Amino acid sequence: MVCVIGGGVGTASAYPIARAFTEIGTKVISIIGARSANLLLLENEMRNVSHELVITTDDGTKGIKGFVSEALKNLVEHGYKFDVVYAIGPTVMMRSVAETTRPFGLKTIVSLNPIMVDGMGMCGACRVTVNGVTKFACVDGPEFDAHKVDFKELMERQRGYLAEEKMSLQLLEERRCSCGH
Ligand code: FES
């Protein structure tokens, strides 16, 4: 039995994994989550390729109020015996899933495609330390053992251009206002 977790747009990448496991006869329990009900993706598609589907929203507008990692912990504590957990979504979510499964010794795979930019091994945006070794998610992954990914370093690096990103967003919004779009 596997657990497939999709957070936000990460559900689009989780879907083919859930479907492939179902096609070979593996029991799939899926968890999908988003900030709010209107941001949930592929609910029906995920339901169709899952034995069970659990939905979470941060604001409680659909499914369980809370995070996908909390729903996962709840399942494990209620006796669900997963052979492996797959998680794809925002970095903070994948880290949270990794920390949830670590005490249970539950094998967990994260797909780091959300941190890629060019996807060709040239921009360096997807650089990540795995088991003490520098990897590029687009060349060496994107799937890695979640318990070996240095999420602390990854998240610090992702915050490196936060000020510039905010400035860029502000400029974009100002331009939008001045041209009326
Ligand atoms: Fe640019 Fe991997 S996404 S190097």
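Every heavy atom of this structure was used, including side-chain atoms; hydrogens, water molecules and symmetry mates were not. Counting convention: from 1, in listed order, for ligands and their atoms alike. Everything quoted here is computed from the prediction, not taken from an experiment.
Between the side chains of Gln158 and Thr91, at least one donor-acceptor pair of N or O atoms lies under 3.5 Å.
Taking a cutoff of 4.0 Å between a charged side-chain nitrogen and a carboxylate oxygen, Glu153 and Arg157 do not qualify as a salt bridge. Salt bridge present: Glu99 and Arg102 bring a charged side-chain N and a carboxylate O closer than 4.0 Å.
Put simply, Phe67 and Val54 are part of two different groups of oily side chains (I, L, V, M, F, W, Y) that touch within less than 4.5 Å, one to the next.
Not a single donor-acceptor pair under 3.5 Å links the side chain of Thr57 to the backbone N or O of Ala37.
Near ligand 1, Met116, Val117, Asp118, Gly119, Gly121, Met122, Cys123, Gly124, Cys126, Phe136, Cys138 each place a heavy atom less than 4.0 angstrom from the ligand.
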Let me see the working for Leu42 and Ile32 under side chain to side chain contact (heavy atoms under 4.5 Å, CB included), right down to the final yes or no. CA-CA 9 Å; Leu42 301 174; Ile32 60 170; over 6 Å; no

